[in-house]
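Worth saying up front: this structure is predicted, and the values here are computed from it rather than measured.
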Amino acid sequence: MNIELVPVKREDWDIILELRNEFFHMFYRQTKPIEKEEHYEYLDKNEKNHNFHHWMIKVNGKVVGYSRILNEDVGIMIKKEYQSKGIATKALELLENEAKKNNIKKLIALVKIENEESKKIFEKNSYEMKMFWYEKEIN
C-alpha cells in the first residue's frame, strides 16, 4: 500500500469540506457542519498563513483523507471506509517529516475526550498527554 501526502490544490477544497462536515463532531472549534462559503474563506485566509500547511492523503493514488498543521496543531481525517488500516499512522509519520522540513519543532494534537481512535494513534506514535483542558460556557 503506497501512502503519500500530496499538497492541496484548490480543486481538493470540496473533498476537505466533505471530510470536515463528516467529522465535525470530533473537532473542538467546529461545532456544526459548515457552508461552502465559510470553508472557502477559511482556506483562502490560511493559504496566506506561513504557519498553515496541508496535504491530501492518498493511497495508491486515490484520495482517502486530509492532513494539516496550523501553527503546531496537527489534524488528520481519514474517510470512514479507510480507517483502521494503518493509514493515519503512516500519514502522521509523513506529516512529521513535512513538519521537520518546515522547521516546526513541536506538534500538538488536540483530541476530544471521546475520540478514542485518535487518542490511540497519537499515543502509539509517542505523543504524550500534557494537560487536561477544562472549560465552561458562560451565558
Side-chain angles (χ1 to χ4, degrees):
M1 183 166 35
N2 179 35
I3 301 170
E4 60 183 334
L5 298 184
V6 178
V8 170
K9 297 178 186 152
R10 194 169 185 94
E11 56 262 26
D12 298 320
W13 288 14
D14 287 342
I15 297 168
I16 299 166
L17 175 61
E18 289 173 24
L19 287 165
R20 285 183 71 183
N21 283 338
E22 181 178 352
F23 295 110
F24 77 88
H25 60 282
M26 294 296 185
F27 303 152
Y28 169 69
R29 298 213 188 278
Q30 185 182 334
T31 58
K32 63 181 177 35
I34 61 171
E35 298 296 324
K36 184 173 184 171
E37 181 180 307
E38 182 182 359
H39 172 66
Y40 273 54
E41 284 174 17
Y42 168 83
L43 289 176
D44 269 331
K45 179 182 88 172
N46 278 306
E47 287 291 319
K48 299 168 186 81
N49 179 349
H50 70 277
N51 293 316
F52 180 74
H53 312 274
H54 61 157
W55 305 267
M56 301 310 291
I57 302 167
K58 290 189 173 185
V59 174
N60 300 328
K62 182 179 171 93
V63 172
V64 300
Y66 171 73
S67 62
R68 67 109 176 100
I69 301 170
L70 177 55
N71 300 315
E72 297 174 329
D73 180 29
V74 59
I76 296 175
M77 295 180 284
I78 305 292
K79 292 179 180 181
K80 284 191 194 247
E81 62 267 29
Y82 294 96
Q83 292 179 3
S84 301
K85 298 178 185 325
I87 297 168
T89 297
K90 180 62 177 175
L92 181 57
E93 176 187 323
L94 295 170
L95 189 136
E96 290 172 357
N97 290 335
E98 292 293 334
K100 289 176 189 172
K101 290 179 195 174
N102 286 287
N103 205 29
I104 298 168
K105 304 291 185 202
K106 173 174 63 172
L107 293 175
I108 297 169
L110 301 175
V111 179
K112 287 181 83 173
I113 292 168
E114 62 270 18
N115 190 343
E116 294 296 329
E117 292 303 312
S118 288
K119 283 194 267 188
K120 285 181 200 172
I121 291 165
F122 289 106
E123 289 170 359
K124 181 169 79 171
N125 287 283
S126 303
Y127 284 67
E128 298 174 22
M129 184 169 48
K130 294 288 189 172
M131 70 170 38
F132 291 105
W133 179 335
Y134 295 93
E135 66 179 52
K136 179 179 180 180
E137 295 289 329
I138 307 295
N139 296 327

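- For the residue pair Glu18/His39, the side-chain donor-acceptor check at 3.5 Å is not satisfied.
- From Ile76, atom CD1 reaches atom CG of Leu92 across 4.5 Å, with rounding to the nearest 0.5 Å.
- Glu37 CD: 12 or fewer foreign heavy atoms inside a 6.0 Å radius.
- Within the model, atoms CE of Met77 and CE of Met56 stand 8.0 Å from one another, a figure rounded to the nearest 0.5 Å.
- Rounding to the nearest 0.5 Å gives a distance of 9.5 Å between OH of Tyr42 and CD1 of Ile16.
- The side-chain heavy atoms of Glu72 and Asn51, taken from C-beta on, include no pair separated by under 4.5 Å.
- Within 6.0 Å of the CD atom in Glu81, the count of heavy atoms belonging to other residues, nucleotides or ligands exceeds 12.
- For Gln83, the side chain to side chain contact (heavy atoms under 4.5 Å, CB included) partners two or more places apart in sequence, or in a different chain, are Phe23, Ile78, Lys80.
- The side-chain heavy atoms of Tyr66 and Asp12, taken from C-beta on, include no pair separated by under 4.5 Å.
- Looking at every heavy atom in both residues, Ala88 comes nearest to Ile121 through CB-CD1, 3.5 Å.
- Atom CZ in Arg68 sits 9.5 Å away from atom CG in Leu95 (nearest 0.5 Å).
- Rounded to the nearest 0.5 Å, atoms OG1 (Thr89) and NZ (Lys124) are 3.5 Å apart.
- Placement of Val8 and Val74 in two distinct hydrophobic clusters is found when ILVMFWY residues are connected by side-chain heavy-atom separations under 4.5 Å, directly or transitively.
- Side chains of Trp13 and Asp44 form a contact here, defined as non-hydrogen atoms less than 4.5 Å apart.
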### Task
Kindly indicate, with the supporting measurements, whether the criterion side-chain contact (heavy atoms from CB on, under 4.5 Å) is fulfilled by Glu96 and Leu107.
CA-CA 8 Å; Glu96 290 172 357; Leu107 293 175; 3.8 Å; yes
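- Atoms CZ and CG, on Phe122 and Leu110 in that order, are 9.0 Å from each other to the nearest 0.5 Å.
- The minimum heavy-atom distance between Lys58 and Val63, with the atom names listed, is CE-CG2, 3.7 Å.
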### Task
Evaluate the criterion side-chain contact (heavy atoms from CB on, under 4.5 Å) for residue pair Lys36 and Asp14; output intermediate values, then yes/no.
CA-CA 8 Å; Lys36 184 173 184 171; Asp14 287 342; 3.2 Å; yes
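- Taking both residues in full, the closest heavy atoms of Asn21 and Pro33 are given as OD1-CA, 3.1 Å, listed atom of the first, atom of the second, then distance.
- Looking at heavy atoms from C-beta onward, Leu5 lies in side-chain contact with Ile57 at the 4.5 angstrom threshold.
- Annotation: side chain of His54 is in contact with side chain of Glu47 (closest heavy-atom distance under 4.5 Å).
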### Task
Start with the C-alpha distance between Asn49 and Leu70, add both sets of side-chain angles, then the distance that settles side-chain contact (heavy atoms from CB on, under 4.5 Å), and finish with yes or no.
CA-CA 9 Å; Asn49 179 349; Leu70 177 55; 3.6 Å; yes
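- Looking at heavy atoms from C-beta onward, Ile87 lies in side-chain contact with Met1 at the 4.5 angstrom threshold.
- When only modelled atom types and interatomic distance are considered, Lys105 and Asn103 share a side-chain donor-acceptor pair under 3.5 Å.
- By the 4.5 Å heavy-atom criterion applied to side chains, Ile34 and Tyr40 are not counted as neighbours.
- Looking at Lys112 and Glu114, a side-chain N of the basic residue comes within less than 4.0 Å of a carboxylate O on the acidic one, giving a salt bridge.
- Within the 3.5 Å criterion, the main-chain N or O of Asn2 finds a donor-acceptor partner in the side chain of Asn60.
- Side-chain contact check for Asn102 versus His50: every heavy-atom pair is 4.5 Å or farther apart.
- Of all heavy-atom pairs spanning Ile69 and Ala99, the tightest one is CD1-CB, 3.9 Å.
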